[in-house]
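Order of listing sets the numbers, starting from 1, for every ligand and every atom in it.
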Amino acid sequence: MNMKLDSVKMILILLGYIVYFGNMVNVNNHFVDAERVENFSDFEKPQAKIIKTTHGDTYECVDFYKQPAFDHPSMKKHLFNYKLRRASSSKRTSNENFGFLWENGIGCPNGTVPINIVTKDEFLRLSSFSKPRGSWNSSNNQINVGNDQHHFAVSRTKERKRKRYTGATMVVSINDPKVKYGQTSSSRMHVQFGDDFIQIGWIVNPKLYHDSKTRSFVYTKAGDNQCYNQMCSIGIISVRSDFPLGSILGPPCVRGSKTGSYDTFGLLKDKINGNWWLEFKGVEIGFWPAIRFQHSYAIKIEWGGEVYSAFMPSPQMGNGHFPDKHPAFDAIIFNITTFDENYIIDKWVNNTEIFRDNYHGYNVINGRYGVYSYFPSKHIIYFGGPGNI
Ligand SMILES: *[C@@H]1O[C@H](CO)[C@@H](O)[C@H](O)[C@H]1NC(C)=O
Ligand SMILES: *[C@@H]1O[C@H](CO)[C@@H](O)[C@H](O)[C@H]1NC(C)=O
Ligand SMILES: *[C@@H]1O[C@H](CO)[C@@H](O)[C@H](O)[C@H]1NC(C)=O
Ligand SMILES: *[C@@H]1O[C@H](CO)[C@@H](O)[C@H](O)[C@H]1NC(C)=O
Ligand SMILES: *[C@@H]1O[C@H](CO)[C@@H](O)[C@H](O)[C@H]1NC(C)=O
């Protein structure tokens, strides 16, 4: 568990051009050439190596350039400057290598990345279901229409103090809410760029993953497109041959236990080319090219729980309990940080407000100071609930 994200390291990440991601693909001068772009249909053909995680999930090792994101029209017009890089060679951590997640102990071969195999039918089925979103358009205690319920219990940046952000991070507890097929429950960070956004964190989504396990996810909305993970051409471009997006996290926290399971997520803008990078456990996992988004800064950020249900009643959020304002008993997101337009870190993030749309099902509490000595933290958000509304 690497939860260290100090400012020195963050600066190194953002300036981290010197050390590029050496053991990934071999790209001439790190420029990707337009001819390499392939069709989505090519991606569907089972041509690549199949490998398994220790949990038994299968992933396809896809050539770096055959990722769906290379099918996007913008990728055909541009020569991309991919300076793939890690934070700093001097800042290596034991978690830098994700080989332990795989049956083969390594992951995919060099030059390829693991992708969850998804058929076009599956993709179309998922695209009309459970579109994640921000809480800003929801109102307090709104009357739900029975189906298509969407609920939030979040802490979010205040609109009247609108800023331009270049990044945000969180440490999130891993929980296992009870979720039925046709429902989702996530603990996530939502970063809004104009009308576009990126969500990162964990989700239980039986329709997407065919089980009720807690799994990592990213969700991208850019223009008219939106999708999970690498499922469409505006999705994330993975750079790790050993990190399976969508794999099982945990084991889930045991309520009342002082030792829990936590993971660190970050979304950071590259200082030079403006690409947005996903960090997991302090390691760069992949990126979204800057030109995907109309706006080059994030304007709003929120952290917390989001649930969706196609029917009544709604599912659990977090650990299924209303928050008690205690780190051992609640689903939490803590040590949240933001980066301003000058890439300066804010480790307090005092400019937030809480929002939950229906207190009968879910709640959220903002705590700021290290009240519990065994659990040092700055900004901590307690949230969750039984749902059932
Ligand atoms: C991948 O490349 C790295 C660095 O070039 C090398 O150390 C490693 O052995 C390679 N792995 C495989 C599986 O070829
Ligand atoms: C993409 O697919 C279409 C139809 O399957 C094909 O005609 C075209 O040549 C493909 N393009 C590339 C770059 O592979
Ligand atoms: C809020 O609703 C408006 C109009 O329906 C839409 O254009 C906008 O994208 C929504 N914003 C968010 C953050 O969902
Ligand atoms: C945020 O609030 C804390 C507690 O009141 C305070 O110590 C800190 O200086 C504030 N930080 C900023 C950046 O305003
Ligand atoms: C959270 O922040 C506190 C106070 O800055 C620090 O002592 C602690 O190590 C951090 N924990 C994690 C998991 O990042």
Side-chain angles (χ1 to χ4, degrees), residues 1-14 87-88 91-96 98 155-175 187-189 200-202 214 216 249-255 257-268 277-285 298-304 318-319 323 325-354 364-383:
M1 186 165 70
N2 165 38
M3 311 242 236
K4 232 185 176 170
L5 273 173
D6 57 40
S7 54
V8 174
K9 180 168 175 229
M10 302 311 281
I11 288 160
L12 285 168
I13 290 164
L14 296 164
S88 157
K91 276 278 181 179
R92 282 188 186 160
T93 70
S94 58
N95 287 315
E96 202 171 83
F98 297 105
S155 179
R156 62 192 187 189
T157 55
K158 285 180 193 160
E159 293 216 44
R160 62 185 146 88
K161 294 198 178 166
R162 193 174 282 202
K163 289 187 182 170
R164 303 208 296 176
Y165 299 99
T166 56
T169 70
M170 66 171 178
V171 188
V172 59
S173 64
I174 307 303
N175 304 104
S187 287
R188 88 293 187 267
M189 181 166 86
I200 62 182
W202 62 252
T214 303
S216 61
L249 302 178
C253 292
V254 175
R255 192 161 185 259
S257 164
K258 287 190 176 181
T259 54
S261 187
Y262 308 96
D263 276 315
T264 307
F265 288 87
L267 186 68
L268 303 164
W277 282 82
L278 169 67
E279 265 205 355
F280 177 73
K281 291 182 189 286
V283 176
E284 287 124 45
I285 300 298
I299 49 164
K300 298 189 272 195
I301 303 167
E302 68 178 29
W303 299 260
N319 63 8
K325 210 173 176 179
H326 195 298
F329 288 87
D330 299 342
I332 54 173
I333 289 178
F334 66 103
N335 285 8
I336 63 171
T337 70
T338 58
F339 292 80
D340 70 11
E341 59 191 303
N342 299 313
Y343 298 83
I344 307 294
I345 191 169
D346 176 357
K347 290 189 177 186
W348 291 95
V349 196
N350 288 344
N351 62 322
T352 60
E353 62 185 10
I354 54 164
V364 55
I365 303 167
N366 245 331
R368 289 192 200 279
Y369 324 109
V371 178
Y372 299 95
S373 56
Y374 82 95
F375 203 93
S377 65
K378 284 215 164 72
H379 196 145
I380 180 165
I381 302 154
Y382 308 93
F383 62 96

- request: State, to 0.1 Å, how close Thr337 and Trp303 come at their nearest heavy-atom pair, and which atoms those are.
  value: O-CZ2, 4.0 Å
task: May I ask you to check whether Ser377 has an N/O atom sitting below 3.5 Å from an N/O atom of ligand 5?
output: no
Part of Tyr262 within contact of ligand 5 (heavy atoms, under 4.0 Å): neither
- prompt: Are Phe265 and Phe280 an aromatic pair by the rule of ring centers under 6.0 Å?
  reply: yes
Distance (rounded to the nearest 0.5 Å) between Glu302 CD and Ile336 CD1: 11.0 Å
message: Using a strict threshold of under 4.0 Å (side-chain N to carboxylate O), is an ion pair present between Lys281 and Asp263?
response: yes
- line: Atoms of ligand 5 under 4.0 Å from any heavy atom of Lys378, numbered from 1 in the order shown, are 5 (O)
field: Check: Asn350 N/O within less than 3.5 Å of ligand 4 N/O
entry: yes
